[in-house]
Student: 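Sharing a structure below in structure tokens format, with a few things to ask.
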Amino acid sequence: METKRLILRRFLKDDFAAFAALIRDKMSSGLSRYDNQFPTDDEGLREVLSYIIGLDGFFAVIVKAEDRLIGFMALHAIDEETRNFGYFIHSRYQGKGYATEAAAPAIAYAKDTLHTRKLMASTAETNIPSVRLLERAGFLRTGRGDASFIKDAQGNPIVFSSLHFERIL
């Protein structure tokens with residue numbers, strides 16, 4: 001898939017160094033506590049990369065002008081007609097419209113190739129850039145809830161307010 005500035009393609013084994021840098025950047029973000037956790041060690045990252053290479057809905061986001069991997073778009077299967085929409089853009093490239101630009105072909109792929117009928121997404125209520133991205137991509141807010149993906153130093157869950165979205169395709 002291609003846009004004016006980006007290429008979205010499946011991940012390759014040769015992407016390991018860029019993928020590792022991307023995930024380490026993601027996990028060092030203050031927003032990482034609001035998302036599923038990734039390993040940050042080489043062995044764990046190699047396992048994750050090997051796994052996502054085989055998925056039909058996980059794409060590397062490449063800036064054409066730099067031939068640089070800067071993010072990912074994910075369409076995780078929930079059931080035959082529903083996918084969870086996820087994304088991340090490296091912190092050095094955030095705020096430049098890349099996620100919005102990459103979302104359009106990913107959503108079209110979900111509809112036209114994967115025959116998805118509904119996309120779902122959730123984000124922390126405080127993650128305003130993510131909320132805005134979902135709204136620009138045509139998602140409607142469907143609810144609010146509490147979520148927790150990590151624990152504090154004492155082993156207690158870190159709970160946050162999340163917003164839930166969906167888009168019918």
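Given the structure is predicted, the values throughout are model-derived calculations rather than measurements. Note: hydrogens, waters and symmetry copies are ignored here, and every other heavy atom, side chains too, is used.
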Student: Output yes when a side-chain donor or acceptor of Ser162 lies under 3.5 Å from a complementary backbone atom of Ala124, and no otherwise.
Tutor: no
Student: Name the orientation class of the two ring planes belonging to His90 and Tyr93 (parallel below 30°, tilted from 30 to 60°, perpendicular beyond 60°).
Tutor: perpendicular
Student: Is it true that Asp41 and Arg46 make a salt bridge, defined as a side-chain N closer than 4.0 Å to a carboxylate O?
Tutor: no
Student: List the residues meeting salt bridge (charged side-chain N to carboxylate O under 4.0 Å, His left out) with Arg136, not counting sequence neighbours, and say none if there are none.
Tutor: none
Student: Measure from the side-chain N and O atoms of Asp15 to the backbone N and O of Ala18, and report whether any donor-acceptor pair falls under 3.5 Å.
Tutor: no
Student: Mark yes when over 12 heavy atoms from residues, nucleotides or ligands other than Asp67 sit less than 6.0 Å from its CG; otherwise mark no.
Tutor: no
Student: If you group Ile, Leu, Val, Met, Phe, Trp and Tyr whenever their side-chain heavy atoms sit less than 4.5 Å apart, what else falls in with Ile78?
Tutor: Met120
Student: Can you list every pair that meets ring pair (Phe, Tyr, Trp, His ring centres under 6.0 Å) and has a residue in residues 116-136, with sequence neighbours left out?
Tutor: none
Student: Counting N and O atoms only, with roles assigned by atom type, does the side chain of Arg10 sit under 3.5 Å from a partner on the main chain of Phe59, one being a donor and the other an acceptor?
Tutor: no
Student: So does Ile7 get a backbone contact from the side chain of Glu2, meaning a donor-acceptor N/O pair under 3.5 Å?
Tutor: no
Student: Show, in sequence, the C-alpha distance, side-chain angles and deciding distance for Arg9 and Ile62, and conclude whether the side chain to side chain contact (heavy atoms under 4.5 Å, CB included) test is met.
Tutor: CA-CA 8 Å; Arg9 62 158 172 79; Ile62 312 293; 3.7 Å; yes
Student: Within the distance-only criterion (no hydrogens, no angle test), does the side chain of Lys64 pair as donor or acceptor with the backbone N or O of Lys4 below 3.5 angstrom?
Tutor: yes
Student: If you measure from the Lys or Arg side-chain nitrogens to the Asp or Glu carboxylate oxygens, is any gap between Glu166 and Arg141 under 4.0 Å?
Tutor: no
Student: Once the angle between the rings of Phe19 and Phe11 is folded into 0 to 90°, is it parallel (under 30°), tilted (30 to 60°) or perpendicular (over 60°)?
Tutor: perpendicular
Student: Under 4.0 Å between a side-chain nitrogen and a carboxylate oxygen: does that hold for Arg5 and Glu101?
Tutor: yes
Student: In this structure, which one of Ile107, Leu75, Leu169 forms a side chain to side chain contact (heavy atoms under 4.5 Å, CB included) with Arg83?
Tutor: Leu75
Student: State whether the side chain of Asp25 and the backbone N or O of Ser91 hold a donor-acceptor pair below 3.5 Å, judged by distance alone.
Tutor: yes
